[in-house]
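Atom set for the values below is all heavy atoms of this structure, side chains included, hydrogens, waters and symmetry mates excluded. Predicted, not measured: the structure shown is a model, and the values here were computed from it.
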Amino acid sequence: MAEDGKANRNARSVTDQEALDFHSQGRPGKLEISPTKPMATQRDLSLAYSPGVAVPVKAIAANPATAYDYTTRGNMVAVISNGTAILGLGNLGALASKPVMEGKSVLFKRFADVDSIDLEVDTENVDEFINCVRFLGPSFGGINLEDIKAPDCFIIEQKLREVMDIPVFHDDQHGTAIIAAAGLINALTLTGRDFKTTKLVCNGAGAAAIACVELIKSMGFAPENITLCDTKGIIYQGRSEGMNQWKSAHAIKTDKRTLVEAMDGADVVFGLSGKGTLSQDMIRSMAPRPIIFAMANPDPEITPEEVADIRDDAIVATGRSDYPNQVNNVLGFPYIFRGALDVHASTINEEMKIAAAQALASLAKEDVPDDVAAAYQGNRPRFGPQYIIPVPFDPRLISAIPVAVAKAAMESGVARKPIPDLAAYGRQLSARRDPIASTLQRIYERVRRQPKRIVFAEGEEVQMMRSALAYANQELGTALLLGREDRMRETAEKEGIDLDRPGIQLVNARLSKRTGAYTDYLYARLQRKGYLFRDAQRLINNDRNHFAACMVAMGDADGMVTGITRNYSTALDDVRRCIDAKPGHRVIGVSIALCRGRTVLVADTAVHDMPSAEELADIAEEAAGLARRLGYLPRVAMLAYSTFGHPSGERSERVREAVSILDKRRVDFEYDGEMGADVALNPKVMEQYPFCRLSGPANVLVMPAFHSASISTKMLQELGNATVIGPLLVGLDKSVQIVSMTAKDSDIVNMAALAAHNAGM
C-alpha cells in the first residue's frame with residue numbers, strides 16, 4: 001500500500017521544511033533527461049538528427065516492432081495521473097500530483113533501471129482522460145496509472161487495456177494486491193493454513209481492496225470465504241445501498257451485516273480503509289494465530305502495538321516502514337514492468353501478477369544478504385512472523401521478480417519477444433544495477449560450466465556461512481566450510497542458515513584423516529626456516545588458514561577464501577608458508593575499479609611497498625595477464641607523478657627503467673610510461689603526446705608504490721563513487737583470495753568465484 005516517496009512515516013519524522021528543501025534545492029524537482037549517445041561533434045549530430053535519423057524512421061515505418069530496437073520505447077513507462085486521489089490527501093488536482101508522479105518515475109529508475117516520464121492530465125472526465133492517454137501508445141512501452149479515484153480508475157484502466165497494445169497497470173490497485181498476496185502466502189504457511197479453507201475479511205471496498213480480493217480469488221481463495229466490507233457494513237447479496245458493479249461482483253450470501261460480525265472467527269483481515277477502523281475487540285474475536293494486514297496510510301486501521309496488547313499469536317503487516325512486514329508497492333511495480341518490457345508484453349495479466357506474488361513470497365524465505373542488513377541498521381530479517389515480505393532494498397529483487405513475470409508472460413502468450421535463456425536473463429538483470437555483477441558475469445558463467453571446490457577457511461563465522469550458502473545456491477561448485485562442526489551447526493541454527501543443502505560440505509580439521517599428511521607437507525616446507533615438527537602440527541591443528549592452504553596445495557580443494565578474522569598481510573603470510581609463487585611469476589595484489597562505465601585494473605595494491613624497477617616490470621606483466629584472463633585486451637600505463645621526463649625525479653626514473661625492462665623482455669601487450677594518471681586515462685590529454693605507444697586509454701594502471709595505489713583507489717571510491725573489487729591475489733601457484741575484515745557476504749562470494757575461476761587457469 002505504501003511506497004517510498006508516498007505518505008510513509010520513517011523512524012525519524014520528516015519535517016515539512018525538509019521535504020520542501022529536498023524538492024527545491026539545486027535543480028527543482030527530481031528528474032532530468034540525459035542523452036545516451038555522444039553529442040560532441042558535428043558527425044554525432046548528423047547521426048542523432050539530420051540526416052542520420054531518417055534511416056531508423058524508415059525502418060520503423062516498414063516494421064513498427066523495430067521501434068524497440070532504435071528508440072527508448074522498450075525501456076520507457078509513462079506515469080499518468082489526474083490527481084483525484086493523491087496519497088491519502090484526496091482530490092487536489094493534476095498539478096499537485098506532479099511531485100508524486102516524479103517520485104514514482106525516480107523509483108522506476110532506482111530499482112529496476114526503467115526510464116519513466118510523468119504526465120499529469122488536467123481533467124476529471126473519464127472519457128477525456130481515456131482519449132488523452134490512448135493515443136500515447138507509440139511513445140511508451142507501458143502505462144502506469146496512479147492516484148485516480150474509484151470507481152473512475154476501474155473504468156479508465158479497463159478501457160485503456162482494451163484499446164492499447166502495451167501494458168496498462170493501475171498500481172494503486174494491483175501493486176498493493178500483489179504485495180499483499182505475497183505476504184499472505186507466507187503468513188498462511190507460517191500458521192498452517194491454505195487458500196481454500198481460510199476465512200478472510202477485507203475492510204474497504206475501494207480500488208486496492210477490490211484488486212486484492214480479485215487476485216487472491218484467482219490464486220485459489222474460495223469466494224464464499226471472503227467477506228468484503230465498506231463503511232455501510234458487509235457487501236451481501238441483495239444489498240442496494242452504496243453499491244456498484246465492482247462491489248456487487250464480490251457480494252456473498254450471508255445473514256451477517258456488520259464488520260464486527262464478520263470479524264468473529266475470521267482467520268485473516270485485510271484493512272484497506274482508514275485509521276482506527278479495526279478495534280481491539282474485533283482482533284480479540286478472530287481465530288487463533290490471526291493474520292492482520294492493516295494497510296491504511298499514513299496510519300493503519302490498528303497498530304501492531306495495539307494488537308500486541310491483546311494477542312501474542314498474531315502476524316501483523318502494515319503500509320509503514322517503521323514496522324515489520326511493510327506492504328510496499330515499490331517491491332512490485334518497477335520489477336513487474338521490467339519483466340513486461342523485456343518480453344515486449346502486450347498486457348500485464350493475472351498470470352504475471354500471480355507469478356510476481358509467488359516470487360516475492362519465495363524470496364522472503366531465503367537467507368538475507370548483507371546489503372539488506374546494512375540498509376536496515378544491521379538488523380538482518382529472517383523468515384518468520386516478523387518477516388513475511390522482502391524489504392525494498394533487497395538487491396535480489398531485480399533478478400527474481402522480472403524473471404518470474406517474463407516467464408509467466410511467455411507461458412500465457414502475451415510476450416512478443418520471448419527470452420530463450422531465463423537464467424542468463426536473471427544474471428543480466430543483476431548487472432543492470434550492480435557494476436560488479438556486470439564485470440564478473442563472464443567469470444560466474446565460466447565457473448558454472450566447470451564448478452570448483454572452494455574452502456571457506458573461517459567456517460565458524462556467520463559471514464563465511466552465508467557466503468558458502470550463496471556460493472552453493474549459485475551453482476558455482478562445492479563450498480567447503482572449515483571449522484568445528486558443532487560450533488558451525490549451532491551458529492547456523494541460530495541464524496537460520498541451512499548447512500545441509502547440496503553443495504555445502506563441513507570440514508573439521510581435528511577429525512580429518514588428512515591432518516597427518518598436511519603436517520608432513522608443511523613441516524617439509526618449514527623445517528629449514530626454524531620450525532619444529534610440533535610447530536607444523538600446531539599450525540595444522542589450530543590455524544584454519546594453514547589447514548585450508550594445505551588442502552589447496554595438496555589438491556583436496558581447488559581454491560580458498562579467507563580474511564574476515566585477520567588483516568590482509570597476516571593472512572597472506574599464513575598462505576605463503578603453504579603455497580609458493582607460480583614459477584616465473586610474482587605475487588601481487590590487483591584491484592578492479594569500476595567507475596562511470598569504465599573498468600580499470602590497479603596494481604600493486606596489496607604486496608609490494610616500494611617496488612624496484614624490476615619488480616614494477618613484473619607487476620605490469622602479472623596485471624596484464626589478469627586483464628587478459630578477465631577478457632580485456634591490456635593497455636598498461638606505468639604511472640608516476642611525472643609524464644615522459646617532466647618533472648624529473650628519482651622515483652620517476654624507476655618507472656622509466658621498468659619500461660626499459662619491459663622493452664627488453666619484448667612482452668606481448670601495450671604499455672608505456674612514465675605518465676600521469678590524466679594522460680593514461682584521458683584520450684584528449686594523451687593526444688598531446690603523439691609518440692605514446694598506447695592505442696587508447698589505459699585499462700591497467702601500475703602504481704609506483706603501494707601507498708599511491710592505496711590512496712588512489714580509496715579516493716576513487718569516496719570522490720568518484722567508484723566500486724572497487726579486491727585486491728585480488730595474483731601470482732600464487734594455487735588459487736587463493738583474501739578479503740578485507742569488513743567484507744560483506746556478496747564480496748566474499750565474488751572473491752570465492754574469482755578463486756574458482758583462477759583455479760581453472
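Between D264 and K256, no side-chain nitrogen of the basic residue sits less than 4.0 Å from a carboxylate oxygen of the acidic one, so the salt-bridge criterion is not met. A salt bridge links K98 with D118; the closest basic N to acidic carboxylate O contact falls under 4.0 Å. A salt bridge links D299 with R320: the closest approach of a Lys/Arg side-chain nitrogen to an acidic carboxylate oxygen falls below 4.0 angstrom. The existence of a salt bridge linking E350 and K353 is confirmed by a sub-4.0 Å separation between a basic side-chain nitrogen and an acidic carboxylate oxygen. Under 4.0 Å is where a charged nitrogen must lie from a carboxylate oxygen, and between D313 and R311 at least one such pair does.
Taking all atoms of both residues into account, the shortest heavy-atom contact from G332 to I179 is N-CD1, 3.7 Å. Closest approach of S105 to S116, counting heavy atoms only: OG-OG, 3.0 Å.
Within 6.0 Å of NZ on K417 lie no more than 12 heavy atoms contributed by other residues, nucleotides or ligands. The 12-atom threshold is not exceeded at NZ of K407, counting heavy atoms of other residues, nucleotides or ligands nearer than 6.0 Å. Applying the 6.0 Å contact sphere to CD of Q237 captures more than 12 heavy atoms from other residues, nucleotides or ligands.
Using a 30° and 60° split on the angle between ring planes, Y335 and F111 fall in the perpendicular class, above 60°. Taking the six-membered ring where the residue is Trp, Y68 and H344 present parallel rings, their angle staying beneath 30° rather than reaching 60°. F333 and F108 have perpendicular rings, their planes meeting at more than 60° on a 0 to 90° scale where under 30° would count as parallel.
When only modelled atom types and interatomic distance are considered, N125 and T123 share no side-chain donor-acceptor pair under 3.5 Å. A donor-acceptor contact closer than 3.5 angstrom links the side chains of T191 and R193.
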* To do: For side-chain hydrogen bond (donor to acceptor under 3.5 Å, both in side chains), just list the numbers for E102 and H23, CA-CA rounded to whole Å, side-chain angles, deciding distance to a tenth of an Å, and then say yes or no.
  => CA-CA 10 Å; E102 284 186 359; H23 285 82; over 6 Å; no
* To do: Step by step, work out the side-chain hydrogen bond (donor to acceptor under 3.5 Å, both in side chains) result for S97 and D147.
  => CA-CA 8 Å; S97 74; D147 288 358; over 6 Å; no
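Residues L119 and F140 have side chains in contact (heavy-atom distance under 4.5 Å, counting atoms from C-beta outward).
Residues forming a side-chain contact (heavy atoms from CB on, under 4.5 Å) with D309 (at least two apart in sequence, or on another chain): Q280.
With hydrogens and angles ignored, the 3.5 Å screen pairs no side-chain donor or acceptor of D172 with any backbone N or O of L145. At distances below 3.5 Å, not a single donor-acceptor pair connects side-chain atoms of S362 with backbone N or O atoms of A359.
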